[in-house]
Amino acid sequence: MNLRKWVATTAGLSAALIVGLATPAMATPTGCTYQLGSGSASSTCTGGTGEHRIHVVQRHFSPEVGLIAIEGPWAPVGSVSFTRITPHTTISVWVETRG
């Protein structure tokens, strides 16, 4: 094998290896919204990649109990993160994202 063919073959194999080892780019989810209903909460994200989940904080009727933290499962963009909530007073709601 002459030097020119060896260099071309080596360069081609190196490029193929680099492309094969590359991981897809992750972009934080965008267009995230949440819905709060009677007995449930959910979140949806429409853009980007990665995952999201719904978070709800409620105050228990009994002051001795304090706050109740509720979170839904991680869901990919385009899917819904859903959780049941209690009938207690809702203090805050937000969508957590990763990726």
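FYI, side chains are in, hydrogens and waters are out, and symmetry mates aren't considered; it's all heavy atoms of this structure.
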Of the non-hydrogen atoms in T86 and I70, which two are nearest, and what is the gap between them? N-CD1, 4.2 Å
Taken to the nearest 0.5 Å, the spacing of W74 CH2 from T97 OG1 works out to 7.0 Å
Backbone N or O of P73 within a donor-acceptor pair of the S81 side chain at under 3.5 Å? yes
Where the side chain of E51 meets the backbone of R98, is there a donor-acceptor pair that is under 3.5 Å apart? no
Given 3.5 Å as the limit, does a donor-acceptor pair link the side chain of H88 with the main chain of F61, or not? yes
Taking the side chain from E96 and the backbone from I54, do they hold a donor-acceptor pair closer than 3.5 Å? no
Heavy-atom closest pair (V95 atom, S43 atom, distance to 0.1 Å) is CG2-CB, 3.6 Å
Residue pairs passing the disulfide bond (SG atoms under 2.5 Å apart) test with at least one member in residues 31-99, sequence neighbours excluded, are C32-C45
If hydrophobic clusters are built from ILVMFWY residues whose side chains come within less than 4.5 Å, do W94 and I91 share one? yes
Which residue pairs pass the salt bridge (Lys or Arg N to Asp or Glu O under 4.0 Å) test when at least one of the two sits in residues 68-79, sequence neighbours left out? R53-E71
Any chance you could measure H60, atom NE2, to T89, atom OG1, to the nearest 0.5 Å? 10.5 Å
The reported gap from OG1 in T46 to NE2 in H52 (rounded to nearest 0.5 angstrom) is 9.5 Å
Residue pair I68, V57: steps toward the side-chain contact (heavy atoms from CB on, under 4.5 Å) verdict: CA-CA 6 Å; I68 304 165; V57 176; over 6 Å; no
Is the closest side-chain heavy-atom distance between S42 and Y34 below 4.5 Å? no
Which pair of heavy atoms, one from A41 and one from I85, lies closest together, and at what distance? CB-CG2, 4.1 Å
